[in-house]
Amino acid sequence: MEVKAVFLDRDGTIIEDVHYLSRLEDIKLMPLAKEGLLLLKECGYKLIVVTNQSGVGRGYFSEDFVRKTHGVLNDMLDNMIDAFYFCPHKPEDNCSCRKPKTGMIDQAVVDFGINRKKSYVVGDKETDVELGLNANITPLLVINRENADLLKNTKAKAFFSNLYEVAMWICRRDFMV
C-alpha cells in the first residue's frame, strides 16, 4: 500500500502564530484546524508536522519545550498527528533541515515510506510553498490576515482560508483520480 501524507507547517497553519511560542498556555488552534485534520485522516493521509523552530538556536526555549509543545498540541488534536519534525537551527546555520530545504521531509519519507506524488505540503508562508516545490510535493497555502499579500506572487498550487478548506480540496481530488 502506498503511503500518502500531508506535511503541515505548525505556526499560522495548525495553531495561531504568536512569534516564538514559549508558553504552553499560548497554544490555540486555528479555526477549523481540527476538523480539517480529521477529514484528512478519514481520507487516509498521514499527518506530519514540519516546523522551523529557530527559537531553540536563539536560546529562547529548549528542544524539550518544543517536544512538550507538540505533545500538548497532539493531545488537543486527539493524537491525529503521526509525527513531528522540527529544525532547531538559526537561518545562518545553513543546515539541511531548515525549510525550505527538504531535510525534514526527506527523513519522513524514509521513516514512513511516503509517496511524494500523492502527498501535499501545507503552510502559511512562501517558504512552505518553496519546501513543497523543492521536495517535489504539491504545495498548498493557507491565507490569513497576516499573509494576504502572498496571493500576488505565490507559487502554491492553490490557496485556502483554513485547513478544513484544504482538506475538502485534497479529499475531493482523491475521488476524482
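The structure presented is a predicted model; accordingly, all values stated were derived computationally and were not measured. Keep in mind that the numbers below use all heavy atoms, side chains included, and drop hydrogens, waters and symmetry copies.
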Smallest heavy-atom separation, Arg116 atom then Asp106 atom, equals NH2-OD1, 2.9 Å

One should read off an interatomic distance between Ile14 CD1 and Met80 CE, to the nearest 0.5 angstrom, of 9.5 Å

**Joint hydrophobic cluster, Phe159 plus Leu8, side-chain heavy atoms closer than 4.5 Å** = no

| field | Check: Trp169 and Lys157 side chains under 4.5 Å, non-hydrogen atoms | value | yes

| message | According to a hydrophobic-cluster definition based on side-chain heavy atoms being under 4.5 Å apart (Ile, Leu, Val, Met, Phe, Trp, Tyr only), do Leu77 and Ile170 belong together? | response | yes

Original post:
Going by an N to O cut-off under 4.0 Å, is there a salt bridge joining Arg10 and Asp128?
Top reply: no

Rounded to the nearest 0.5 angstrom, the NZ-CZ distance for Lys118 and Arg173 is 12.5 Å

On a heavy-atom basis, the closest approach of Pro100 and Asn134 is O-ND2, 2.9 Å

Applied to residues 30-64, the ring-ring contact (aromatic ring centres under 6.0 Å, His included) test, sequence neighbours excluded, yields Tyr20-Tyr60, Phe61-Phe65

same_hphob_cluster(Ile81, Leu140) at 4.5 Å side-chain heavy-atom cutoff: yes

Rounded to the nearest 0.5 angstrom, the OG-CD distance for Ser119 and Glu2 is 9.5 Å

Could you pull out every donor-acceptor pair under 3.5 Å between side chains of residues 120-127 and any protein atom, sequence neighbours left out?
{"unit_1": "Lys125", "atom_1": "NZ", "unit_2": "Asp17", "atom_2": "OD2", "d": "3.4"}
{"unit_1": "Glu126", "atom_1": "OE1", "unit_2": "Thr154", "atom_2": "OG1", "d": "2.9"}
{"unit_1": "Glu126", "atom_1": "OE2", "unit_2": "Lys155", "atom_2": "N", "d": "3.0"}

Across all chains, not counting sequence neighbours, the side chain to side chain donor-acceptor pair (under 3.5 Å) partners of Glu35 are none

Interatomic distance, CZ@Phe160 vs CG@Leu141, rounded to 0.5 Å, equals 9.5 Å

_Donor-acceptor pair, side chain of Asn162 and main chain of Pro31, under 3.5 angstrom_ = no

Those residues at least two apart in sequence (or on a different chain) that pass salt bridge (Lys or Arg N to Asp or Glu O under 4.0 Å) with Arg67 are Glu63, Asp64

Report task. Give the intermediate values and the outcome of side-chain contact (heavy atoms from CB on, under 4.5 Å) for residues Leu73 and Leu29. Result -> CA-CA 8 Å; Leu73 175 57; Leu29 293 175; 3.7 Å; yes

Between Gly113 and Val3, the two heavy atoms sitting closest are O-CB, 3.6 Å

- Query: Asn74 side chain to Gly71 main-chain N or O, any donor-acceptor pair under 3.5 Å?
  - Reply: no

**Request:** Kindly indicate, with the supporting measurements, whether the criterion side-chain contact (heavy atoms from CB on, under 4.5 Å) is fulfilled by Lys99 and Cys87.
**Result:** CA-CA 8 Å; Lys99 297 186 290 184; Cys87 170; over 6 Å; no

Query raised in the report: Would Leu131 and Met104 satisfy side-chain contact (heavy atoms from CB on, under 4.5 Å), going step by step from the backbone distance to the final call?
Result: CA-CA 10 Å; Leu131 171 66; Met104 291 185 282; 5.8 Å; no

Applying ring pair (Phe, Tyr, Trp, His ring centres under 6.0 Å) to Tyr85 and not counting sequence neighbours gives none

Check your understanding: Hey, are the side chains of Ile105 and Ile114 touching, using non-hydrogen atoms and a 4.5 Å cut-off?
Key -> no

Contacts of Glu25 meeting salt bridge (Lys or Arg N to Asp or Glu O under 4.0 Å) (sequence neighbours excluded), chain-then-number -> Arg23

Checklist line | same_hphob_cluster(Ile137, Leu47) at 4.5 Å side-chain heavy-atom cutoff | finding: no

Residues passing the disulfide bond (SG atoms under 2.5 Å apart) test with Cys43, sequence neighbours excluded, are Cys171

**Request:** State plainly whether one hydrophobic cluster holds both Ile143 and Val166, where clusters connect Ile, Leu, Val, Met, Phe, Trp and Tyr through side-chain heavy atoms under 4.5 angstrom apart.
**Result:** no

- Do the side chains of Glu16 and Leu21 get nearer than 4.5 Å, heavy atoms only? no

Here the pair of heavy atoms bringing Gly36 nearest to Ala167 is O-CB, 3.3 Å

Sorted by chain and residue number, the side chain to side chain donor-acceptor pair (under 3.5 Å) partners of Gln107 (sequence neighbours excluded) come out as Asp111

Those residues at least two apart in sequence (or on a different chain) that pass salt bridge (Lys or Arg N to Asp or Glu O under 4.0 Å) with Asp78 are Lys34

**Message:** Would you say that Thr51 contacts His70 through its side chain, given a criterion of any heavy-atom pair below 4.5 Å between the two side chains?
**Reply:** yes

With heavy-atom distances below 4.5 Å as the criterion, would you say the side chains of Leu163 and Met30 are in contact? no

What do the steps show when you test Asp82 against Lys41 for salt bridge (Lys or Arg N to Asp or Glu O under 4.0 Å), and what is the final call?
-> CA-CA 10 Å; Asp82 294 289; Lys41 285 302 262 189; 2.7 Å; yes

(Q) Keeping Lys4 on the side-chain end and Gly44 on the backbone end, is there a donor-acceptor pair under 3.5 Å? (A) no

For Arg98, the side chain to side chain donor-acceptor pair (under 3.5 Å) test, sequence neighbours excluded, returns none

Excluding Leu39, membership of its hydrophobic cluster (Ile, Leu, Val, Met, Phe, Trp, Tyr; side-chain heavy atoms within less than 4.5 Å) reads Leu32, Tyr164, Met168

Contacts of Lys101 meeting salt bridge (Lys or Arg N to Asp or Glu O under 4.0 Å) (sequence neighbours excluded), chain-then-number -> none

